[in-house]
Every structure is written in C-alpha cells, then in structure tokens.
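Notes for the one structure printed next.
The figures here come from the full heavy-atom set of this structure, side chains too, leaving out hydrogens, waters and symmetry mates. A quick note: this is a predicted structure, and the numbers were derived from the prediction, not measured. Numbering of ligands and ligand atoms starts at 1, following listing order.
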Amino acid sequence: MLRRIALAAVLAGLAPSAHALDGDSVAGKSIFQRICHNCHSAEIGVNKVGPSLWNVVGRQPAAVPDYAYSESMKRNNAPWTAAALDAYIADPRGDVHGVKMHFKGLADAKERADVVAYLSTLK
Ligand code: HEC
C-alpha cells in the first residue's frame, strides 16, 4: 500500500493524469512481459528490436546510446512523462512519433496506466 502511494506521488509529479494514478505496476509487469518484452528489455544497456526501457520515465526520448532511433523519434523533444508515454503507447504509429515501432498500441487505458506504473519502477 505504501509503495502504491509513493508511486502515485511520483507519477503525480510527472503528469496530472488521472489514469496514471490508477496504474498497478504488478499488472503492468505482466502486460510488459506479454507484449513489450518481444521488442524491449527492462535492463540497462540491453537493446533488442527496440531500445532498453530501463529508467525511461522522465527522461528525454531517443536517449539510449547505441540504439538507432528513427528520425522522427530523434526530433521528439517531449520528455517521457506518464502522460507522454500513455499517448505514445496508445498509438505508437501516430503522426508525432513516426513508424519504427511496429506495434499497434494498447487500446485499454487501464492497461496503459499499468504499464507506465511498471516502467516507473525501472530505476
Ligand atoms: C514490435 C516491436 C515493439 C513492440 C511490441 C513494442 N515496441 Fe516500443 N519501440 C520499438 C521500436 C523499434 C522503438 C524505436 C522507435 C523509433 O526509433 O521511432 C520503440 C520505442 C519505444 C519507446 C521510446 C524509447 C526511447 O528511448 O525514447 C517507448 C517508451 C516504447 N517503445 C514503449 C513500449 C511499450 C511500453 C511497449 C509495450 C506496451 C512497446 N514499446 C512495445 C519496438 C516495439
């Protein structure tokens, strides 16, 4: 319980998104392992088809060294707040971020909140 409150406080500091506050990092971990892990590692320095997502929450896009990002991701200057991650995961191939992530996205807002809650534990 304390951990959830601490996590909610962290997410609230990043973005005032109601969805992010509801995120369940345990559920998010299993969604990550089922869907994102095909292309992303949660470990520092381990890139797969996609870049490592270790410590992604709060940092700049396209910041993992030795990963060949798309031009559109390199041009994306908006930090990965909970709200920015939520929007990206909802529609990774939307016009803002280009098309390199060949993943249709997570339509369910609760699942996105859970994944973002899990990503915020990767420190
Ligand atoms: C089919 C492979 C694939 C799947 C599945 C996938 N991704 Fe990605 N992801 C990528 C690729 C490739 C990129 C690099 C995009 C670019 O450079 O435009 C990326 C980029 C990202 C980034 C930006 C990272 C950075 O360093 O700026 C985030 C955040 C992200 N993905 C989150 C997720 C999450 C969360 C999931 C699961 C819900 C997921 N991805 C599922 C392939 C995938």
Item to complete: Rounded to the nearest 0.5 Å, what's the gap from CG on Leu122 to CZ on Phe32? Could you check?
Response: 6.5 Å
Practice prompt. Output the atom name for the N/O/S atom of His40 with the smallest distance to atom 8 (Fe) of ligand 1.
Written response: NE2
Worksheet item: Which one holds for His37 and ligand 1: side chain close, backbone close, both close, or neither close, with close meaning a heavy atom under 4.0 Å?
Response: neither
Fill in: Subset of ligand 1 atoms that lie under 4.0 Å from at least one heavy atom of Tyr88
15 (C), 19 (C), 20 (C), 21 (C), 22 (C), 28 (C), 30 (C), 31 (N)
Discussion item. Just to be sure I read this right, does ligand 1 sit under 4.0 Å from the backbone of Leu85, its side chain, both, or neither, counting only heavy atoms?
Written reply: side chain
Worksheet, complete the sentence: Heavy-atom proximity to atom 25 (C) of ligand 1 ranks first, among Tyr67, Phe32, Tyr69, for Tyr69
Discussion item. As an exercise, identify every atom of ligand 1 less than 4.0 angstrom from a heavy atom of Arg59.
Written reply: 25 (C), 26 (O), 27 (O)
Worksheet item: Can you list the ligand 1 atoms lying under 4.0 Å from a non-hydrogen atom of Val49?
Response: 12 (C)
Discussion item. For residues Met73 and Tyr67: do they belong to one hydrophobic cluster (side chain heavy atoms under 4.5 Å, members Ile, Leu, Val, Met, Phe, Trp, Tyr)?
Written reply: yes
Practice prompt. Find the distance between CD1 (Ile35) and CG (Leu106) and round it off to the nearest 0.5 Å.
Written response: 4.5 Å
Fill in: Side chain proximity check, Arg59 to Trp80, heavy atoms < 4.5 angstrom
yes
Worksheet, complete the sentence: ligand 1 atoms nearer than 4.0 angstrom to some heavy atom of Val115 are 35 (C)
Discussion item. Can you tell me if, anywhere in Cys36, an N/O/S atom lies at a distance from atom 8 (Fe) of ligand 1 that is smaller than 2.8 Å?
Written reply: no
Discussion item. Taking the side chain as everything from C-beta on, heavy atoms only, tell me whether Asp24 gets closer than 4.5 Å to Lys110.
Written reply: yes
Worksheet item: Does Ser72 have a heavy atom less than 4.0 Å from any atom of ligand 1?
Response: no
Worksheet entry | Trp80 N/O to ligand 1 N/O under 3.5 Å | yes
Worksheet, complete the sentence: Near Pro51 (heavy-atom distance under 4.0 Å), the atoms of ligand 1 are 13 (C), 14 (C), 19 (C), 20 (C), 24 (C), 26 (O)
Worksheet item: Counting from 1, what ligand 1 atoms have a heavy atom of Ala62 closer than 4.0 Å?
Response: 25 (C), 26 (O), 27 (O)
Item to complete: Could you tell me which atoms of ligand 1, counted from 1 in the order shown, lie closer than 4.0 angstrom to a heavy atom of Ile35?
Response: 5 (C)
Discussion item. Please check this pair: side chain of Tyr69 against backbone of Arg75, looking for a donor-acceptor N/O pair closer than 3.5 Å.
Written reply: no
Worksheet, complete the sentence: Note: Leu53, heavy atoms under 4.0 Å from ligand 1, region reported as side chain
Discussion item. Please list, in number order, the atoms of ligand 1 under 4.0 Å from a heavy atom of Ser70.
Written reply: 16 (C), 17 (O), 18 (O)
Discussion item. Do Asn55 and Ile44 have side chains that approach each other closer than 4.5 Å (heavy atoms only, starting at C-beta)?
Written reply: no
Worksheet item: In Å, rounded to the nearest 0.5 Å, how long is the span from CZ of Arg112 to CD1 of Ile31?
Response: 11.0 Å
Worksheet entry | ILVMFWY cluster, Phe103 and Val49 together (side-chain gap under 4.5 Å) | no
Practice prompt. Please check if the side chain of Lys74 supplies one atom and the backbone of Ala62 the other of a donor-acceptor pair under 3.5 Å.
Written response: no
